[in-house]
Amino acid sequence: MSADTRKLPTGFGRLWSAQTISSLGDGVTHAALPLLALTLTRDPMALAVVTAAGTLPWLLFGVLGGALVDRWDRRHTMWVTDAARALLLAIPAAAAALDVLSIPLLAVVAFLLGVGGLFFDTAATAYLPDLLDRKPVLLERANSRLRGAQTAMSGFVGPPAGSALLALGRAVPLLADAVSFALSALLVRSLPAVPRPATPARESLLRQARAGASYVFRDRVLLGLALRPAVGNIAFVAIETVLALFAHDRLGIDTYGFGLLLTAEATGGLLGAGIASTLGRRLGTGTALTVTAAVEGLAILGLAAAPNPYVAGLALAVCGAGMGATMVLAPSLRQAIVPAHLMGRVASTSRMLAMCAAPLGAFLGGWLASAFDVRTPLYTAAGLLLTMTAVTASMTSNRRVEAALLAATPAGGPDQPEAEDRVREVAPTLA
């Protein structure tokens, strides 16, 4: 394969910069928001409401949102959404400055931010394969860089910064995230335009949405890729709901230490994103996805049993490594095998399954902590992750991945040699 086919286009640098800046702001808010909520209430169920609100838009509008993205200009959708989120964050920032912040207001803002995230994430997922001409090798490289930057900013740099900014005032971290969205919107607006896939002019939005959803459920590889984050979100959101409380009450971690705990997870995630391609080549993408899922479950089991902050930090780092590798390999595979005109709908359907599971995880975590013990949600999450790993292993096996990649490229087409190279990389154990 020539070097030219492996070179990322200039426009990718701007997309990477936009998402890196936005991820830094997200990391600030990720640490600050639960701490802000803790200043308002100690009720685990109230904390669960705020966590669940951000995921509800995917439950209500997920598949329809993907159908709209397949109709709209994807670059335009991204920058308008980021600009709207920048303005939205001014509301809780003002409320915090005026000392009128409340749990209901945080929940409403989280819901509206979730609506914005639905459209931006779906549009970005659909835009990337068009920008890279749907080349599997470029997609994996690009997703590795995007995931690495997202992990570094949202987990490694952002959380300690969020904890530190919160000490300056409750409005400060929210304003910082608003600025990041504004800068991201400016960068995204400068991205090159890509052709919009043609869709049947007379087909209804609902019919198009159903077509995207049925495509996922009929394909075992895509269904396996979708089920992992769906079950995983139940587990991880249950953990997220009680993590601040667990860290404070069981591990004796203060506000700044909580940011460092999240940084440990991000450090592992950065490593996982960096080695994802190597794992895929050595084990095959299907086997690599199964191994990383098992690592996540075992790491959460270690977190639940952690006797001190150091063991907890190590467990989160190992879990982050598994997640980082998974979130490079799985999206790259999906983007390589899904037709362009269905990309928005398939991406939103897969994400909707994951995000619809998140409210269940939030309330499950809150209920288990209230009814039993703050460690119980963690043990339950570990069991769910390990069960999911066993169930989906055969759905995304190396053999199924090979068949999907070969089917995605027309026989004798211009990209067929590259597709065959990629098959050898993702399924090296096959004859």
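With a 6.0 Å cutoff to the six-membered ring centre and a 45° limit on the axis angle, R85 counts as a cation-pi contact of F120.
Using a 4.5 Å cut-off on side-chain heavy atoms (C-beta onward), L364 and P377 make no contact. At least one side-chain heavy atom of L128 sits under 4.5 Å from a side-chain heavy atom of N143. By the 4.5 Å heavy-atom criterion applied to side chains, L187 and L183 are not counted as neighbours. At least one side-chain heavy atom of R250 sits less than 4.5 Å from a side-chain heavy atom of V374. Side chains of R345 and Y215 form no contact here, defined as non-hydrogen atoms less than 4.5 Å apart. Inter-residue side-chain proximity for L132 and R141 is flagged as unmet; no heavy-atom pair is nearer than 4.5 Å. No side-chain heavy atom of L271 sits less than 4.5 Å from a side-chain heavy atom of T267. Between V115 and F111, the closest side-chain pair of non-hydrogen atoms falls below 4.5 Å.
Atom OG1 of T285 is separated from atom CZ of R400 by 15.5 Å, given to the nearest 0.5 angstrom. Of the inter-residue distances, the one linking T241 atom OG1 with F363 atom CZ reads 9.0 Å to the nearest 0.5 angstrom. For the atom pair OG1 of T376 and OH of Y379, the computed distance is 9.0 Å after rounding to the nearest 0.5 Å. From W79, atom CH2 reaches atom CG of L186 across 9.0 Å, with rounding to the nearest 0.5 Å. To the nearest 0.5 angstrom, T77 atom OG1 is 12.5 Å from D121 atom CG. Between the CG atom in L329 and the CG atom in L279 there is a gap of 7.0 Å [rounded to 0.5 Å].
Panel note: side chain Q335, backbone T125; a donor-acceptor pair is recorded below 3.5 Å. No donor-acceptor distance shorter than 3.5 angstrom exists from the side chain of S397 to the backbone of A393, with no hydrogens or angles considered. Remark: side-chain polar atoms of T122 are not paired, donor with acceptor, to backbone N or O of F119 under 3.5 angstrom. Remark: the backbone N or O of V346 is paired with a side-chain donor or acceptor of S350 at under 3.5 angstrom. Of the possible polar contacts, none joining the S22 side chain to the Q19 backbone as a donor-acceptor pair under 3.5 Å is found. Side chain of N398 to backbone of G286: a donor-acceptor contact under 3.5 angstrom is found.
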- Decide side-chain contact (heavy atoms from CB on, under 4.5 Å) for L138 and F12; before the verdict, give the C-alpha distance in whole Å, the side-chain angles of both, and the deciding distance to 0.1 Å. CA-CA 11 Å; L138 293 186; F12 174 76; over 6 Å; no
- Task: Mind running side-chain contact (heavy atoms from CB on, under 4.5 Å) on I300 and L303 for me, showing each step along the way?
- Result: CA-CA 5 Å; I300 294 304; L303 174 64; 4.3 Å; yes
- Task: Before giving the answer on side-chain contact (heavy atoms from CB on, under 4.5 Å), spell out for T387 and V231 the whole-Å C-alpha distance, their side-chain angles and the decisive distance to 0.1 Å.
- Result: CA-CA 9 Å; T387 301; V231 177; over 6 Å; no
- Using the side-chain contact (heavy atoms from CB on, under 4.5 Å) rule, take M343 and R334 through it: C-alpha gap first, then chi angles, then the decisive distance, then the call. CA-CA 9 Å; M343 192 66 245; R334 184 184 295 112; 4.2 Å; yes
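When all heavy atoms are compared, the tightest approach of T81 to G116 is CG2-O, 2.9 Å. Residues V242 and A369 share a closest heavy-atom pair of CG1-CB, 3.7 Å. Between L131 and G11, the closest heavy-atom pair is CD2-C, 4.2 Å. When all heavy atoms of L385 and G232 are compared, the pair lying nearest together is CD2-CA, 3.8 Å. Closest approach of A185 and A83 over heavy atoms only: CB-N, 3.8 Å. In terms of heavy-atom proximity, P173 sits nearest to V28 at CB-CG1, 3.4 Å.
By the neighbour-count criterion of 12 heavy atoms within 6.0 Å, atom CZ of R375 is densely surrounded, having more than that number from other residues, nucleotides or ligands. Within a 6.0 Å radius of CE in M327, other residues, nucleotides and ligands contribute 12 heavy atoms or fewer.
Between R228 and the options N233, T396, T326, a side chain to side chain donor-acceptor pair (under 3.5 Å) holds for only T396.
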